[in-house]
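Heads up, the thing below is written out as structure tokens.
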Amino acid sequence: MKPLQLGVFASGRGSNFEAILKAIDEGQLHAGVKLLLSNNADAGALETAKKGGIPAVVLNRKMFDCRNAFIRQMISVLKFHGVDLIALAGYMKKIPAEVIREFPNKILNIHPALLPAFGGRGSYGYHVHEAVLEYGCKVSGVTVHFVDELYDHGPIIAQRTVPVEDDDTAKTLAARVLKIEHQIYPEVLQWFAEDRVHVKSSKVIVNK
Ligand code: GRF
């Protein structure tokens with residue numbers, strides 16, 4: 001079977017991107033990362049791409065006179081690099097609807113909580129974990145889902161829980177959640193490599 005041709009979008013440190021690359025290196029994920037795209041020229045993920053010899057592109061709205069030109073460029077860069085599945089890994093910008101339409105059910109996101117709770121605009125980084133602790137949840141976790149036109153909203157592909165401990169801070173909880181993120185994302189991507197993921201209306205079926 002042909003390896004999955006991945007595009008990874010990251011705005012920051014890129015530890016999920018590293019986990020994906022590690023899984024590929026170790027033979028657990030039958031894929032190649034064809035492109036790392038970032039909106040942020042200072043993203044740590046760009047360094048990782050450079051070290052791994054992975055084509056990296058910085059693209060953001062500010063680089064273009066109009067929104068359409070930006071979107072057209074995003075789509076053409078993805079096509080040029082032959083990307084067939086996009087994994088958002090800490091990408092802090094909304095994906096334009098035109099790009100979602102161009103790649104239907106081909107864009108995934110990872111969120112550090114159990115959606116549909118603790119998601120949506122402004123729910124990122126420590127804000128998510130602070131909200132979970134503030135609410136008094138006994139479990140939190142990770143969600144991998146398809147991207148649609150709303151924040152943290154598309155069909156859920158996989159979820160895994162982590163316990164919330166009485167003495168947790170946002171930092172300790174984030175670390176526990178991140179460890180699971182690094183496991184689940186490569187696993188889910190491998191399901192795609194094996195063509196086991198199917199969408200039926202708003203539900204995702206993963207063949208055993
Ligand atoms: C992760 O917690 C992910 O769930 C969220 O953004 C964070 C990215 O971390 N979407 P990293 O850049 O992959 O280290």
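Just so you know, these numbers use all the heavy atoms, side chains as well, and skip hydrogens, waters and symmetry mates.
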Report summary line: So CG of Leu29 and OH of Tyr185: to nearest 0.5 Å the spacing works out to 11.5 Å
Query raised in the report: Under 4.5 Å between side-chain heavy atoms, hopping through other hydrophobics if needed: is there a path connecting Phe146 to Val206?
Result: yes
Query raised in the report: Do Val144 and Phe192 belong together in a cluster built from hydrophobic side chains that touch within less than 4.5 Å?
Result: yes
Query - Derivation of the side-chain contact (heavy atoms from CB on, under 4.5 Å) call for Gln190 and Gln28 - result: CA-CA 8 Å; Gln190 178 60 18; Gln28 284 148 10; over 6 Å; no
Query - Note, Leu46 side chain near Phe17 side chain (heavy atom, < 4.5 Å) - result: no
Query raised in the report: Are the side chain of Asp152 and the backbone N or O of Gly119 linked by a donor-acceptor pair below 3.5 Å?
Result: no
Query raised in the report: Can any side-chain N or O of Asn40 pair as donor or acceptor with the backbone N or O of Ser11 at less than 3.5 Å?
Result: yes
Query raised in the report: What about Leu150 and Val128, same hydrophobic cluster or not, with Ile/Leu/Val/Met/Phe/Trp/Tyr joined at side-chain heavy-atom distances under 4.5 Å?
Result: no
**Report entry** Side-chain donor or acceptor of Gln5 paired with backbone N/O of Pro3 under 3.5 Å
**Finding:** yes
Requested in this report: Taking only Lys NZ, Arg NE, NH1 and NH2, and the carboxylate oxygens of Asp or Glu, determine whether Asp84 and Lys2 approach each other closer than 4.0 Å.
Outcome: yes
Query - Side-chain (Thr143) to main-chain (Leu115) donor-acceptor, under 3.5 angstrom - result: yes
Report task. Indicate yes or no: at least one non-hydrogen side-chain atom of Val77 is less than 4.5 angstrom from one of Val83. Result -> no
Report task. Flag the pair Arg160 and Glu181 as a salt bridge only when some basic side-chain nitrogen lies within less than 4.0 angstrom of an acidic carboxylate oxygen. Result -> no
**Report entry** Any side-chain heavy-atom pair of Ile95 and Asn109 under 4.5 Å
**Finding:** no
Report task. In sequence, state the C-alpha distance, the side-chain angles, and the governing distance for Trp191 and Ile157, and then conclude on side-chain contact (heavy atoms from CB on, under 4.5 Å). Result -> CA-CA 10 Å; Trp191 298 345; Ile157 305 164; 4.2 Å; yes
Query raised in the report: For the atom pair CG (Leu108) and CG (Asn105), what is the distance rounded to the nearest 0.5 Å?
Result: 9.5 Å
Report task. Check step by step if side-chain hydrogen bond (donor to acceptor under 3.5 Å, both in side chains) holds for His129 and Ser140. Result -> CA-CA 8 Å; His129 306 294; Ser140 188; 5.1 Å; no
Query raised in the report: Under 4.5 Å between any side-chain heavy atoms of Leu35 and Val8, yes or no?
Result: no
**Report entry** Expected output: side-chain His30 to main-chain Met1 donor-acceptor under 3.5 Å
**Finding:** yes
Report summary line: dist Ile86:CD1 -> Ile107:CD1 (nearest 0.5 Å) comes out at 4.0 Å
Query raised in the report: With no hydrogens and no angle check, is any side-chain donor or acceptor of Ser38 less than 3.5 Å from a backbone partner on Ala43?
Result: no
Query raised in the report: How long is the gap from NE2 on His153 to CD1 on Ile156, to the nearest 0.5 Å?
Result: 9.5 Å
Report task. Would you mind reporting whether Val164 and Leu173 have side-chain heavy atoms less than 4.5 Å apart? Result -> yes
Query raised in the report: Looking at OH of Tyr151 and NZ of Lys94, how far apart are the two atoms once the value is rounded to the nearest 0.5 Å?
Result: 5.5 Å
Query raised in the report: Same hydrophobic cluster for Ile180 and Leu133, using side-chain heavy-atom links shorter than 4.5 Å among ILVMFWY?
Result: yes
Query raised in the report: Roughly how far apart are Ile71 CD1 and Phe64 CZ, rounded to 0.5 Å?
Result: 10.5 Å
Query raised in the report: Taking atom CD of Glu134 as the centre, does the number of heavy atoms from other residues, nucleotides or ligands within less than 6.0 Å exceed 12?
Result: no
Report summary line: Looking only at heavy atoms, the pair that brings Tyr91 and Met74 closest together is OH-CE, 3.7 Å
Query - Criterion side-chain contact (heavy atoms from CB on, under 4.5 Å) against Pro112, the qualifying member of Val177, Leu178, Val142 - result: Val177
Requested in this report: Could you check if a side-chain atom of Lys34 sits within less than 4.5 angstrom of a side-chain atom of Pro55, using non-hydrogen atoms only?
Outcome: no
Report task. Take Val199 and Ile205, measure what side-chain contact (heavy atoms from CB on, under 4.5 Å) needs, and give me the verdict at the end. Result -> CA-CA 6 Å; Val199 188; Ile205 313 290; over 6 Å; no
Query raised in the report: Do NZ/NE/NH1/NH2 and the carboxylate oxygens of Arg67 and Glu98 come within less than 4.0 Å?
Result: yes
Query raised in the report: Would you say the side chain of Leu189 lies within less than 4.5 Å of the side chain of Ile20, judging by non-hydrogen atoms?
Result: yes
Query raised in the report: Are Leu59 and Val147 joined in one hydrophobic group, where the rule is that I, L, V, M, F, W and Y side chains link up if heavy atoms are under 4.5 Å apart?
Result: yes
Requested in this report: Determine, using ring centers only, whether His127 and Tyr124 are less than 6.0 Å apart.
Outcome: yes
Query raised in the report: With distance as the sole test, does Arg196 use its side chain to make a donor-acceptor pair with the main-chain N or O of Asn207 at under 3.5 Å?
Result: yes
Query raised in the report: Take atom CG in Asp25; do more than 12 heavy atoms of anything else shown fall under 6.0 Å from it?
Result: yes
Report task. Report the relative orientation of the aromatic rings in Tyr135 and Phe118; use parallel for angles under 30°, tilted for 30 to 60°, perpendicular for over 60°. Result -> perpendicular
Query raised in the report: Taking Arg176 for the side chain and Pro163 for the main chain, is one N or O donor matched with an acceptor at less than 3.5 Å?
Result: yes
Query - Electrostatic pair Lys51:Glu47 at N-O distance under 4.0 angstrom - result: no
**Report entry** Cationic tip of Lys171 above Tyr126 ring, under 6.0 Å, 45° of axis
**Finding:** no
